[in-house]
Each structure stands twice: as structure tokens, then as C-alpha cells.
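Worksheet for the structure shown next.
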Amino acid sequence: MSKQNQPKLNIFALGGVGEIGKNMYVVEYDQDIIVIDAGLKFPEEDMLGIDIVIPDITYLVENKDRVRAIIITHGHEDHIGGLPYVLKHLNVPIYATKLTLGIIEEKLKEANLLNQTKRILIHSNSRLKFGSFRVSFYSTNHSIPDAVGVCLDTPEGLIVHTGDFKFDYTPINDELADLGKMAEMGAKGVLALLSDSTNAERPGYTRSEKEVGRTISEHFRKANGRIIVATFASNIHRIQNVFDAALEYGRKIAIVGRSMANVVRIAMDLGYLHGAPDLIIEPDQINKLDAEKICILSTGSQGEPMSALTKMARSTHRQVEILPGDTVIFAATPIPGNEKLVSRTIDQLFKAGAHVIYGDENVHVSGHGSQEELKLMLNLMKPKFFIPIHGEYRMLRQHGKLAEATGVNPENILLIDNGDVVEISQGQARIGAKIPAGNVLIDGLGVGDVGNIVLRDRKLLSQDGILVVVVTLSKQNGTIISGPDIISRGFVYVRESEELVDEAIKLVTSTLSRCMSENNSEWSTLKTSVREELGRFLYDQTRRRPMILPIIMEA
């Protein structure tokens, strides 16, 4: 094959760069495409009414005959949450480790996709071949067990995707990151490294999860009443710390919250969580035991309105009510954007008489490596090209500076946006064409049917409300038979604004009469005229711009 016709190695992100969450990365060579992760992210403040956000997979759907596999690095929502939506359009095999696959299967069961999805179990020593790609894995430390990094051996060279990682030298499950394998890859020669940038702005090292275990145990020792621990359902290591403390101080654990109950059940069934057989009790047994014998493990560490802890704080939970003397431990830090929700929940817990432990770094550590660990990864891998991923732009930029400090050529550090294609050919890399990449918004059962125009309308409605003008015209002579009637929602209360409404009715009547006298009887023209005239009038009178919806009927 001539050099001109030789295929290029393409690397791009469909989600996960310039943002936190929605991770999805693609490596493409000739007729083969490998996808790494398929996550979701939670909506931003201006995405009114949106439940979750997933990547735009238009390119993958258009090339679905070439997609060989979706490889999952670990079982967090920002890496697996998009699968039930993606697999409806892209029915390809899923490759994941034991715990990750267990969590995925629960999701697929709920989406009625389990039987039609091929699922292949892998482990850190698995080796796979897909066309031009040979794929291997290595163990990493994260806040959930069974996390792996991915190495793709391509005709151009080794591509390494770190997944989410930190270096924990005293891990809860005693499973260390495989530094030996990483060093071997570096010695062989890594063409391009895609590395987690979440904590690229944080100096030093990320502390060990075992330190959190000691702090949680100390809080258990001091507490007299019930203990309620709120954490992420998928943070298995944190949950193991709670199990250990409960066992040490003779407390039974009641699990409250559907996602928490599901993950704990899966992790215990697969052997990733360890506790005495009688450690866990049903929530309806909570009131049958003495307060000092109870620990409640709950969702709601982010103040989510429908979570178990938030319902307890508002006294709307069916089974658990906060009692004076309860100790509530927030064993997680707020995700950026959730601070207000968390603060509101904490206030309500204090009002109910609870002792709340929050903002204490000793009851939470990150699952992501800080600057010294990111530099260690770079030094182990010694990549020729470096692509920082998994982070907002400032994090990617900072990670690029760390790479430069470890000796990576600044010209070989590629900061990309979602959709930017890194083309590598004969040892040279450049950012080439751009492919479709953006947000697909999920609202209820609707997938992608809410776009920018609908969001703009929702924003407008939330700010200034809506005014509906209903009028019936005569088909014969175009005169007004009934109306105009005005209905207001979120703009003004009609009964208290009669003068304004009367003036608006007169204006609509005169506008319609003028248009029809000028033989402008097209409905679109009539509606536009009413909208413009009424919009100007209402803004002059109220300095508000409600959405105006003229409804014109003929009789």
C-alpha cells in the first residue's frame, strides 16, 4: 500500500472533554472502530426540565458496521449511564470487568435490553483482537473496584486510555494498580496517552481511602444515637468502610434508596463487599432496635430532590424520619453545581435536630489522582503524543502543563474539543476534520426531541410566562365573531390586571381590523402582527417579554 493510501489512526471524543461526565472516546483505524465508555452527565442549570444528557452518536450509527466493541473502564454513571440509550441504536458487544458488568446488566434489565445485548467478561489480564486492534488491560485504583486502563496496539503504535485512576498504596481491597504493566508499556513505547484530568489543578497526592475508614470509625465511636451515612451508591470502597465500622461498634445496617440497595446487592453477590450475614436489616426493622444499634446507609449525598436523605430531611420519607440525636455523615463532597441543594438538605437536617458532619475532608477522598500522580502516570508511559481527557478545559490545560514538565514536547500535547479528530499517520499527529458531537437531551421518555429551540422556549416561559390570545373570525367577511380572549400564565394575574388586559384586547382588535382592511388575511401575517404589536405594548407597560401565542380560528 502506498503511503498516500495508508489508513490514518483517528482518535476523538464524543463526550468527556471540556466537561465533567458523558465520557465516550473512539479509536478508529481503517475498517475498525473501538469505543471506550458510554457515559451520561447531569443537566446544567439552563437545561430546564432535562433529566440527563448523553453523547451524540450520529457518527457511530452511520458507521455501525465498523464498530467492533464498546469497552467499559469501570462502573460509574459518567462511564456507563448512556449505554441503555446507545445500545438501542448500536447493538454491539460490551466488554467489561465482573463488577462493572454486574452493574451494567442491572441497567440493561430495566431497559429490556439484557437478552439482546452481547456481554463479554474481561479482567486485567485479558487480551482481545478486533481487526487491526490488539487490546490489553491493566488494573488501576479508583473509588469503585474492578477499574481498568485500556491499551490498544494499533498499526501506528500503542494507544493507552487510563480510565479514571489514582495511585492508592493502601487500597481497601488490597489490589494495587499494576505499575509494572504501565512501565512495560512505556518501555515498549506509547504513541499516544489519553489520561484522566479531573484533579489536574490539585497539587500533591490524593489521600488513601483507608484514611477515610479511620475517620468514619472514629465518628461511629463517638455517636450515641442513630448514624446515617450518605454517599454515592457506586462508591463501594466507602461502603466497605461503613460496613467495617458498623461491625466494629455493633450496629446493624439498613440500606435506604433504590440505587444504593441495587449496587450493594450486586457487589455483595459478586464478592466485592464483605460483611457478616446478619449485618444488614430491612428498613422496616429500624424502629425495632435501639438507636445506638442502627446505621442507615443512604443515597442523597448531593442533595438530589428525590433521594432518600432529602426526603428524610423534609420528613416525607415513608420509613425513616430524622430524630433529635441522629448523626448524619456526608461522606462525599458536592459535585460543582450541587452546592445549593446540599446546603438546603444540611439546613433541614439541622432543623430536625440532627448532628451533621459535612465539609470534612477526612470523610471523603477523591477517586482521581492529583498532580504528582498524573506526573507519575506520564513518566511511566513516556508518551510521544499526549491527549488530556475527562475534565473541563482549564483542567485539560493544566494537565498539558504537567505533561510538558515531564518532558513531553509541547507541540505533541493536543487539547481537543468533543468531535475534534486527532489524525496520526507515520508518527505524525494533527487535529483534522470535526465530526458531529454534542449533547442529546433526555426528558422523560423523549430522547433528543428537546433541542435548543425548546430549551429557549422553556427559559422564556420560566422568566416572563405566556399570554394566549384566542379569537374567532368570520369565514365570509373576516370580521371578529368572538374574542379576543386573553389567557395569562406566569405573566400577570388577570383578575388583578383588568385594565392592562382590556387595553391588550382593544389593541388586538384594532390590529386585526387594520390587517383585514388592508386585505392581509393570511393567518401567518395576522399572527405575526398581533404578536409584534402586543409584544411592544406589554413591554412598554410591564418591561416584560412574555411568550405570546395567538390562536386564530374561522367559523
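Only a predicted model underlies this, so the values are computations on that prediction, with no experimental measurement involved.
L158 places a side-chain heavy atom less than 4.5 Å from the side chain of C151. Residues S301 and L309 fail the side-chain proximity criterion, which asks for heavy atoms closer than 4.5 Å. Using a 4.5 Å heavy-atom threshold, the side chains of L101 and E105 count as touching. Using a 4.5 Å heavy-atom threshold, the side chains of T333 and Q302 count as separate. Side-chain contact check for F386 versus L194: every heavy-atom pair is 4.5 Å or farther apart. By the 4.5 Å heavy-atom criterion applied to side chains, L9 and L191 are counted as neighbours.
Residues I71 and V150 approach most closely at CG2-CG2, 4.0 Å, considering heavy atoms. The nearest pair of heavy atoms linking L279 to A246 is CD1-CB, 4.2 Å. In terms of heavy-atom proximity, D146 sits nearest to L99 at OD2-N, 3.0 Å. Nearest heavy-atom pair across I72 and A96 is CB-CB, 4.1 Å. The two atoms that bring I239 and A233 nearest to each other are CD1-O, 3.4 Å, heavy atoms only. The shortest heavy-atom contact between S217 and E248 is OG-OE1, 2.9 Å.
Looking only at distances, a side-chain donor or acceptor of N412 sits under 3.5 Å from a matching main-chain atom of K384. Formation of a donor-acceptor pair under 3.5 Å by the T316 side chain with backbone atoms of M312 is not found in this model. No donor-acceptor distance shorter than 3.5 angstrom exists from the side chain of T327 to the backbone of I227, with no hydrogens or angles considered. Although no hydrogens or angles enter the test, the distance criterion places no donor-acceptor pair under 3.5 Å between the side chain of T58 and the main chain of P436. Judged by distance alone, with hydrogens and angles left aside, the side-chain atoms of T162 form a donor-acceptor pair with the main-chain N or O of D196 at under 3.5 Å. Remark: the backbone N or O of L113 is paired with a side-chain donor or acceptor of T117 at under 3.5 angstrom. The backbone N or O of K210 lies less than 3.5 Å from a partner atom in the side chain of S208, making a donor-acceptor pair. At distances below 3.5 Å, at least one donor-acceptor pair connects side-chain atoms of R238 with backbone N or O atoms of A331. No donor-acceptor pair under 3.5 Å is formed between the side chain of R207 and the backbone N or O of V365.
Residue Y205 qualifies as open at atom OH: its count of foreign heavy atoms under 6.0 Å is 12 or below. Heavy-atom contacts from other residues, nucleotides or ligands closer than 6.0 Å to NZ of K293 number 12 or fewer. The number of heavy atoms from other shown groups lying within 6.0 Å of CZ (R397) does not exceed 12. More than 12 heavy atoms of other residues, nucleotides or ligands shown are found within 6.0 angstrom of NZ on K434. Heavy-atom contacts from other residues, nucleotides or ligands closer than 6.0 Å to CZ of R258 number 12 or fewer.
Donor-acceptor pairing under 3.5 Å is recorded for the side chains of N199 and S366. Side-chain atoms of S370 and T206 include a donor-acceptor pair closer than 3.5 Å. When only modelled atom types and interatomic distance are considered, D37 and Y25 share no side-chain donor-acceptor pair under 3.5 Å. Side-chain atoms of T299 and S307 include no donor-acceptor pair closer than 3.5 Å. Side-chain contact annotation: E175 with S139, donor-acceptor N/O pair under 3.5 Å absent. Residues R202 and H368 bring no donor and acceptor atom of their side chains to less than 3.5 Å of each other. Remark: the E28 side chain and the Y59 side chain contain an N/O donor-acceptor pair separated by less than 3.5 Å. For the residue pair T406 and N379, no side-chain donor N or O sits within less than 3.5 Å of a side-chain acceptor on the partner.
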Inset, instruction - Could you please spell out the steps behind the side-chain contact (heavy atoms from CB on, under 4.5 Å) verdict for V229 and F220? - result: CA-CA 10 Å; V229 182; F220 269 68; 4.3 Å; yes

Inset, instruction - Under the side-chain contact (heavy atoms from CB on, under 4.5 Å) rule, what do I322 and L349 come out as? Steps first, then yes or no, please. - result: CA-CA 7 Å; I322 299 296; L349 289 166; 3.7 Å; yes

Inset, instruction - Go through the steps to decide whether M377 and V160 satisfy the test side-chain contact (heavy atoms from CB on, under 4.5 Å), and finish with yes or no. - result: CA-CA 11 Å; M377 178 65 79; V160 177; over 6 Å; no

Inset, instruction - Run the numbers on V35 and L60 for side-chain contact (heavy atoms from CB on, under 4.5 Å), then give the verdict. - result: CA-CA 9 Å; V35 180; L60 297 179; 3.9 Å; yes

Legend entry - Verdict with supporting geometry, E19 and N418, side chain to side chain donor-acceptor pair (under 3.5 Å): CA-CA 9 Å; E19 61 187 352; N418 291 328; 3.0 Å; yes

Inset, instruction - Give the intermediate values and the outcome of salt bridge (charged side-chain N to carboxylate O under 4.0 Å, His left out) for residues E404 and K401. - result: CA-CA 5 Å; E404 193 175 337; K401 288 182 180 178; over 6 Å; no

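Under 4.0 Å is where a charged nitrogen must lie from a carboxylate oxygen, and between K22 and D56 no such pair does. Taking a cutoff of 4.0 Å between a charged side-chain nitrogen and a carboxylate oxygen, K107 and E77 qualify as a salt bridge. The pair D278-K252 counts as a salt bridge, with a side-chain nitrogen and a carboxylate oxygen less than 4.0 angstrom apart. Ion pairing of R221 with E218 is present here, as a side-chain N (NZ or NE/NH1/NH2) and a carboxylate O approach within less than 4.0 Å. The pair K181-E184 fails the salt-bridge criterion, with no side-chain N (NZ, NE, NH1 or NH2) lying under 4.0 Å from an Asp/Glu carboxylate O. With respect to the salt-bridge test (charged N to carboxylate O, under 4.0 angstrom), the residues K129 and D153 do not qualify. Residues E292 and R226 are not paired through a salt bridge, judged by the lack of any N-O separation under 4.0 Å between the basic side chain and the carboxylate.
Atoms CG and CG, from L376 and L179 in turn, are 6.0 Å apart once rounded to the nearest 0.5 Å. Separating the CD1 atom in I94 from the CD1 atom in I80 is a distance of 10.5 Å, to the nearest 0.5 Å. Note: L40 CG to D78 CG = 7.5 Å, rounded to the nearest 0.5 Å. Atoms CG and OG, from L402 and S197 in turn, are 9.0 Å apart once rounded to the nearest 0.5 Å. Between H74 atom NE2 and S234 atom OG the span is 8.0 Å, to the nearest 0.5 Å. To the nearest 0.5 Å, atom CG of residue N10 and atom CD1 of residue I424 are 9.0 Å apart.
Ring geometry, F165 versus F167: the interplanar angle exceeds 60°, so the pair is classed perpendicular (tilted spans 30 to 60°). Between H390 and H79, the ring planes are parallel. Angles under 30° get that label, and only those over 60° would be called perpendicular.
Taking the six-membered ring for Trp and the full ring otherwise, the centers of Y95 and F130 sit less than 6.0 Å from each other.
Of the listed residues (H237, E209, H76), just one forms a side-chain hydrogen bond (donor to acceptor under 3.5 Å, both in side chains) with H142, and that residue is H76.
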